Amino acid sequence: MSFEKTILVTGGAGFIGCHVAKLFVENYPNYKIVNLDKLTYAGNLENLTEIEDAPNYEFIKGDIVDETFITDLFEKNQFDSVIHLAAESHVDRSILNPNEFIFTNIVGTTNLLNAAKKLWENGFEKKLFYHVSTDEVYGSLGEEGHFVETTPYDPKSPYSASKASSDHLVRAYAHTYKLPVVISNCSNNYGPNQFPEKLIPLCIHNIKNNLPLPIYGKGENVRDWLYVKDHSDAIDVIFHHGKTGETYNIGGNNEWTNIDLVRMLCKIMDKKLGQNEGVSEQLITFVKDRAGHDLRYAIDSSKLKNGLGWEPSLQFEEGLEKTVDWYLSNGNWLDNVTSGNYQKYYETQYVQR
Ligand code: NAD
Ligand code: DAU
């Protein structure tokens with residue numbers, strides 16, 4: 001079978017990556033999608049059952065930090081484009097152990113850039129290296145203002161510093177070697193398939209299991225939440241219509257303090273579990289704050305909206321309900337990902353706080 005393009009998606013077994021892989025495999029049968037993933041604790045092939053037998057899809061297990069493996073993979077598959085999502089993604093883990101973040105997020109990204117540069121050395125026409133990044137590279141906002149694409153970088157955690165470093169490398173390859181790149185920086189995602197270490201799925205898991213809901217500090221930190229399928233739609237739009245060399249911010253225009261968000265989630269969970277309103281809220285437990293906790297993120301995505309016509313499609317309450325429904329009807333998924341080392345991680349993070 002011959003395909004119009006062969007696209008490497010990295011990190012396609014993770015939370016956002018699985019939605020991106022599914023969207024591209026299902027909507028573009030003329031593209032071959034190769035999903036490269038190391039299957040760390042955050043990667044899960046159960047996220048991809050809908051497409052595993054699709055004729056335009058292939059999964060390869062591998063590590064982006066392995067330079068020889070990556071160079072050979074590009075040579076063998078002759079990729080036209082890369083959509084790079086593989087990363088260590090959890091801020092708390094980066095505080096516990098920054099080294100994995102340096103290897104995967106910085107060295108791994110550099111290996112991919114070198115392999116793309118080598119493969120495409122005879123011409124960059126119709127080639128694209130799409131780097132998926134985060135709003136955390138911009139640092140922390142006070143009570144006012146929004147991140148725009150020109151906001152100076154000011155990363156504060158080992159995670160965001162490693163992502164900022166990878167963004168700088170992508171831009172440096174574009175400037176120095178003329179590699180065709182595009183970068184997007186997105187706000188907090190939520191939705192199906194997110195590993196239950198992040199705030200929303202952690203709280204869903206804990207309410208289900210009658211465990212405490214750990215709120216860092218006073219719960220006054222603010223995040224701008226976006227449904228994961230809106231993020232993958234934005235990636236689709238930018239991949240096809242974004243201008244090479246540009247950066248696009250992606251956000252939900254949907255700011256919530258953590259405590260207000262968790263209270264709303266508790267109400268939805270009470271309703272879905274058929275229990276009296278107020279039962280889940282009793283699980284809220286204020287715990288020691290995250291070290292260096294960024295106060296507020298808020299994204300201005302008007303460049304993407306005005307330039308390429310993308311905007312979020314879901315209201316937050318609707319998105320949260322869909323998310324809760326997914327977790328409640330995918331109990332096996334939740335049980336599987338919380339077996340093994342999860343309990344040990346949970347104890348390190350919360351019981352010892
Ligand atoms: P995730 O942790 O759920 O998934 C990461 C995936 O990368 C996993 O499947 C994992 O197995 C894979 N991976 C990790 N190290 C690897 C390596 N060395 N080689 C190959 N594969 C490896 O992450 P996510 O939340 O889906 O985030 C995906 C991307 O989007 C990341 O680059 C992240 O920085 C960015 N991002 C995330 C959010 C968010 O709210 N989750 C927001 C903005 C940007
Ligand atoms: O902004 C984009 C970023 O959003 C992504 O780049 C990251 O990959 C992603 O993990 C996310 O980072 P956050 O640190 O904002 O997400 P997290 O879900 O870990 O935390 C959300 C907020 O909730 C944050 O203010 C910390 C707080 N929190 C988190 C956890 C896990 C708690 O109060 N209690 C918790 O148990």
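Predicted model, so just to flag it, every value in this text is computed and none were measured. Indexing begins at 1, ligand by ligand and atom by atom, following the structure's order.
- A donor-acceptor pair shorter than 3.5 Å can be found between the side chains of Asn185 and Asp167.
- Distances below 4.0 Å separate heavy atoms of Val91 from the following atoms of ligand 2: 14 (O).
- Inspection of the Lys267 and Ser280 side chains reveals no N or O donor paired with an N or O acceptor under 3.5 Å.
- In this structure, Arg290 forms no cation-pi arrangement with Tyr216, as its terminal cationic atom is not both closer than 6.0 Å to the ring centre and no more than 45° off the ring axis.
- When non-hydrogen atoms are compared, ligand 2 lies under 4.0 Å from the side chain of Glu136 (C-beta onward) but not from its backbone.
- Between the side chains of Asn105 and Tyr159, no donor-acceptor pair of N or O atoms lies under 3.5 Å.
- The distance from ligand 2 to the heavy atoms of Lys198 drops below 4.0 Å at these ligand atoms: 10 (O), 18 (O).
- For the pair Thr134 and ligand 2, the shortest N or O to N or O distance falls below 3.5 Å.
- Below 30°, between 30° and 60°, or above 60°: for Trp225 and Phe316 the angle between ring planes is below 30°, a parallel geometry.
- At a cut-off of 3.5 Å, with distance as the only test, no side-chain donor of Tyr31 or Asp80 sits close to an acceptor on the other residue.
- Under a 4.0 Å heavy-atom criterion, Gly219 is not in contact with ligand 2.
- Using modelled atom types, one finds a donor on one side chain and an acceptor on the other under 3.5 Å when comparing Arg171 with Thr247.
- A salt bridge between Glu75 and Lys118 is absent, with no side-chain N of the basic residue lying under 4.0 Å from a carboxylate O of the acidic one.
- Residues Tyr57 and Asn35 have side chains that bring a donor and an acceptor to within less than 3.5 angstrom of each other.
- Where the criterion is an N or O separation shorter than 3.5 Å, residue side chain and backbone included, Ser187 fails it with respect to ligand 2.
- The part of Asn258 lying near ligand 2 is the side chain, judged by heavy-atom distances below 4.0 Å.
- Nearest to atom 14 (O) of ligand 2 by heavy atom, out of Glu197, His90, Arg290, is Arg290.
- Those atoms of ligand 2 that come under 4.0 Å of a heavy atom in Ser89, given as number and element, are 7 (C), 8 (O), 9 (C), 10 (O).
- With a heavy-atom cut-off of 4.0 Å, Cys186 touches ligand 2 through its backbone alone.
- Ring geometry for Phe24 against Tyr28 counts as tilted: the plane angle lies between 30° and 60°, on a 0 to 90° scale.
- Per-residue contacts place His293 under 4.0 angstrom from the following atoms of ligand 2 (heavy atoms of the residue considered): 24 (C), 25 (O), 26 (C).
- Side-chain contact of Asp294 with Tyr297: a donor-acceptor pair under 3.5 Å is present, judged by distance alone.
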Go ahead and list the nitrogen or oxygen contacts between ligand 1 and the protein that come in under 3.5 Å, distances to 0.1 Å, or just say none.
residue, atom, partner, partner atom, Å
ligand 1, 2 (O), Ser89, OG, 2.6
ligand 1, 3 (O), Phe15, N, 3.1
ligand 1, 9 (O), Gly14, N, 2.9
ligand 1, 9 (O), Asp37, OD1, 3.2
ligand 1, 9 (O), Asp37, OD2, 2.6
ligand 1, 11 (O), Asp37, OD1, 2.5
ligand 1, 11 (O), Leu39, N, 3.4
ligand 1, 11 (O), Thr40, N, 3.0
ligand 1, 11 (O), Thr40, OG1, 3.1
ligand 1, 18 (N), Asp63, OD1, 2.8
ligand 1, 18 (N), Thr104, OG1, 3.1
ligand 1, 19 (N), Ile64, N, 3.0
ligand 1, 21 (N), Lys38, N, 3.1
ligand 1, 23 (O), Ser89, OG, 3.3
ligand 1, 26 (O), Phe15, N, 3.4
ligand 1, 26 (O), Ile16, N, 2.8
ligand 1, 32 (O), Leu85, O, 3.0
ligand 1, 32 (O), Lys163, NZ, 2.6
ligand 1, 34 (O), Tyr159, OH, 2.7
ligand 1, 34 (O), Lys163, NZ, 3.1
ligand 1, 40 (O), Asn189, N, 2.9

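- Note: Tyr130 and Phe239 have parallel aromatic rings, judged against thresholds of 30 and 60 degrees for the angle between ring planes.
- When each atom of ligand 2 is checked for a heavy atom of Ile215 under 4.0 Å away, the hits are 33 (O).
- Residue Asn221 has no nitrogen or oxygen atom sitting less than 3.5 Å from a nitrogen or oxygen atom of ligand 2, judged on distance alone.
- Ligand 2 has no N or O atom lying under 3.5 Å from any N or O atom of Leu202, backbone or side chain.
- Close approach to Asp135 involves these atoms of ligand 2, each under 4.0 Å from a residue heavy atom: 1 (O), 2 (C).
- Contact atoms of ligand 2 toward Tyr159: 5 (C), 6 (O), 7 (C), 8 (O) (distance under 4.0 Å to a heavy atom of the residue).
- At least one N or O atom of Pro214, backbone or side chain, sits closer than 3.5 Å to an N or O atom of ligand 2.
- The N/O atoms of Tyr297, backbone and side chain alike, include none that comes under 3.5 Å of an N/O atom in ligand 2.
- For Lys303 and Glu246, the salt-bridge test passes: some basic side-chain N is under 4.0 Å from an acidic carboxylate O.
- Counting heavy atoms under 4.0 Å from ligand 2, residue Asn188 touches it through both backbone and side chain.
- His84 and Thr109 form a side-chain donor-acceptor contact under 3.5 Å, judged by distance and modelled atom types alone.
- Inspection of the Asn122 and Trp120 side chains reveals no N or O donor paired with an N or O acceptor under 3.5 Å.
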